[in-house]
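What follows is a single structure, written as structure tokens, with notes after it.
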Amino acid sequence: MRKSVRDVDVAGRRALVRVDFNVPLADGAVTDDTRIRAALPTIRYLLEHGAAVILMSHLGRAKGKPVPELRMDPVAARLAELLGRPVRKLDDCVGPEVEAACAALQPGEVVLLENTRFHPQEEANDPAFAAQLAVLGDLYVNDAFGAAHRAHASTEGVAHAIRQRGGQAVAGFLLEKEVEFLGRAVENPERPFVAILGGAKISDKIGVIQNLLGRCDRLLIGGAMANTFFKAMGFEMGDSLVEDNALETARALLAAGASRLVLPVDLIVADAFANDAHTRDVAPDQVPAGWRALDVGPKTIQTFESALSGARTVVWNGPLGAFEMPSFARSTFALAEVLARLDAVTIVGGGDSVAAVQQSGLADRFTHISTGGGASLELLEGRTLPGVAALDER
Ligand code: ADP
Ligand code: MG
């Protein structure tokens, strides 16, 4: 366990807070402020408990040099509205002017540093650059779960640098909650523990499948990932998305996890990759030549529902079908309904899976919806995130 903001005295301190403000922008305005809102509990807590707050984040792919369109000004404006207090945006994230502005900061005041990725030393995790960041505060708070799987200066190096100067490095509430839910689900789940994996590719998620297969009571497979398993079992999959270079891996996983793996029992096949294609519901070994599996079928949802009954912990990553097309979104939404009704800890992680659950309108019936794509997959792989490992031990 790592320390969180609750474990330290924050009054009168200058808190240097790494947040994930990597938000979408259009015409100089923030178009989706979900990530800004997600950081508010930590920011408010620090302000209410007498700290001065210095925020920093990356934004977009600046590749180590200033990019005018990737300045943090629109983010500062939106944050000020949400907080109901002024937020001063500084023109850089390091250097004498930034140091002076941060040193003069009073309790209850907020500044936002410029995009950390305007400096190449950020992604290089350069120790001298991390030390320049560390002089800005006397307490480092990492609340950027979405960036915690990267060992960058503002997510990793700075924690060590601030400790060297006698400061502390702790987790914010968002980071703490993510690690608590995803970490506990994987390491120490209440059983039965059922995992559901879908999405496009096995190769993206070999580490996740291996780790979960070793820890869960059942592993349900859907999405295009199932096609590769079926091909590995010798079925003809027509024009379905199959990863031929992952067939060996699929065979090994089938052999290792036979008793725990639950594969689809029917597939929705289509004569074209289009929402208005003709469709049929077929057994997995009956995919007609020239057709492709784009969703799992209703019998599979029944099978999955039985496999989930009585589960106490459920982790879901990856849509069960090509859900961007309404004709092939049915099973993904049906699964969301099944999970919403369960009396279990239900956790969803992964960019597309989270988008699907949000579209289903059932998001508030899940225990935890992860905000980080790559970071949540790394936790599901059982890895320790560098941005978490660098924080003070409780
Ligand atoms: P996540 O972002 O939740 O980790 P992935 O990125 O692994 O999920 O997978 C999501 C993608 O998988 C979606 O774009 C979806 O269309 C695709 N997909 C799922 N099932 C199929 C299928 N049967 N055929 C083609 N694509 C599929
Ligand atoms: Mg994805």
Side-chain angles (χ1 to χ4, degrees), residues 145-146 149 178 182 186 195-209 211-212 219-232 235-244 246 249-250 263-275 277 279-284 286-288 290-298 300-301 304 314-336 339 346-360 363 366 368-381:
F145 177 67
H149 59 312
E178 291 274 10
L182 283 164
V186 172
I196 309 157
L197 287 177
K201 293 185 183 167
I202 291 186
S203 56
D204 286 348
K205 296 181 181 172
I206 292 170
V208 177
I209 306 177
N211 186 44
L212 291 179
L219 178 58
L220 321 186
I221 302 275
M225 192 185 271
N227 300 337
T228 302
F229 281 103
F230 287 132
K231 179 133 186 210
F235 299 172
E236 291 297 333
M237 297 309 291
D239 287 354
S240 303
L241 180 58
V242 170
E243 277 180 288
D244 284 314
T249 305
L263 290 170
V265 294
D266 63 337
L267 300 171
I268 304 298
V269 295
D271 62 356
F273 190 82
N275 190 44
T279 62
R280 284 198 231 160
D281 181 8
V282 301
Q286 299 294 320
V287 177
W291 290 55
R292 72 222 68 214
L294 290 179
D295 198 5
V296 304
T300 299
I301 290 300
F304 283 8
V314 181
V315 169
W316 177 20
N317 166 267
L320 297 186
F323 79 105
E324 293 90 345
M325 295 183 274
S327 302
F328 307 104
R330 283 196 198 101
S331 69
T332 298
F333 290 145
L335 178 65
L339 296 189
T346 49
I347 298 165
V348 186
D352 293 289
S353 332
V354 167
V357 168
Q358 265 149 2
Q359 277 173 39
S360 76
F366 283 72
H368 183 65
I369 308 256
S370 179
T371 56
S376 54
L377 283 179
E378 291 204 10
L379 282 182
L380 294 180
E381 283 178 26

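Position 1 is the first residue of the sequence; numbering continues from there. Source: prediction; values computed, not measured. Counting starts at 1 for both ligands and their atoms, in listed order.
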*From CG (Leu294) to OG (Ser331), nearest 0.5 Å*: 10.5 Å

*ligand 1 to Lys205 polar contact by distance, N or O atoms, under 3.5 Å*: yes

*Please check if the side chain of Thr332 supplies one atom and the backbone of Leu320 the other of a donor-acceptor pair under 3.5 Å.*
yes

*Heavy-atom nearest neighbour of atom 21 (C) of ligand 1 within options Gly198, Gly222, Ser376, Ala224*: Ala224

*asked:* Please confirm whether Lys201 approaches ligand 1 to less than 4.0 Å, judged on its heavy atoms.
replied: no

*What part of Leu377, side chain, backbone, both or neither, has a heavy atom within less than 4.0 angstrom of ligand 1?*
neither

_Need the ligand 1 atom indices (1-based, order shown) with element for anything under 4.0 Å from a heavy-atom of Gly223._
20 (N), 23 (N)

*asked:* I need the Met225 CE to Asn317 CG distance, nearest 0.5 Å.
replied: 7.0 Å

*Give a yes/no on ligand 1: does Asn317 have at least one heavy atom closer than 4.0 angstrom to it?*
yes

*Any donor and acceptor pair, going by atom type alone, linking the side chain of Thr279 with main-chain N or O of Ala270 inside 3.5 Å?*
no

*asked:* Under 4.0 Å from a heavy atom of Gly318: which atoms of ligand 1 are those, numbered in the order shown and with their elements?
replied: 3 (O), 8 (O)

_Which segment of Ala293 sits under 4.0 Å of ligand 1 when only heavy atoms are counted_ = backbone

*Among all protein heavy atoms, pick the one closest to atom 6 (O) of ligand 1 and tell me residue, atom and distance.*
Asp352 OD2, 3.0 Å

*Could you check atom 13 (C) of ligand 1 against the protein and tell me its nearest heavy-atom contact, residue, atom and distance included?*
Glu324 OE2, 3.2 Å

*Near Glu324 CD, under 6.0 Å, is it more than 12 heavy atoms from other residues, nucleotides or ligands?*
yes

*Considering only the protein, which heavy-atom contact is closest to atom 9 (O) of ligand 1, and what is its distance?*
Gly199 CA, 3.2 Å

_Residue selection (non-hydrogen contact nearest atom 18 (N) of ligand 1) among Ala329, Gly321, Pro319_ = Gly321

*Should you measure from each heavy atom of Ala322, which atoms of ligand 1 turn up under 4.0 Å away?*
15 (C), 16 (O), 19 (C), 20 (N), 21 (C)

*asked:* Restricting to N, O or S atoms, which atom of Asp352 is closest to the Mg ion (ligand 2)?
replied: OD2

_Looking only at the side chains, is there a donor atom on one of Ser370 and Glu178 sitting less than 3.5 Å from an acceptor on the other?_
yes

*Could you list the atoms of ligand 1 found under 4.0 angstrom from a heavy atom of Gly350?*
2 (O), 3 (O), 4 (O)

*Is a side-chain N or O of Asn227 found less than 3.5 angstrom from the main chain of Leu241, in a donor-acceptor match?*
yes

*Which ligand 1 atoms does Leu294 reach within 4.0 Å, using its non-hydrogen atoms?*
23 (N), 24 (N)

*Atom CZ of Arg292 and atom CG of Asp239: how far apart are they, to the nearest 0.5 Å?*
4.5 Å

*Provide, to 0.1 Å, the distance between atom 12 (O) of ligand 1 and the closest protein heavy atom, together with that atom's residue and name.*
Ala200 N, 3.2 Å

*Can you tell me if Trp291 uses its side chain to pair, donor with acceptor, with the backbone of Ala293 under 3.5 Å?*
no

*Under 3.5 Å, is there a donor-acceptor pair between the side chain of Thr228 and the main chain of Glu243?*
yes

*Please answer whether the main-chain N or O of Thr300 pairs with a side-chain N or O of Asp266 as donor and acceptor at a distance below 3.5 Å.*
yes

*Measure the distance from atom 3 (O) of ligand 1 to every protein heavy atom, then report the residue, atom name and distance (to 0.1 Å) of the closest one.*
Ser353 OG, 2.3 Å

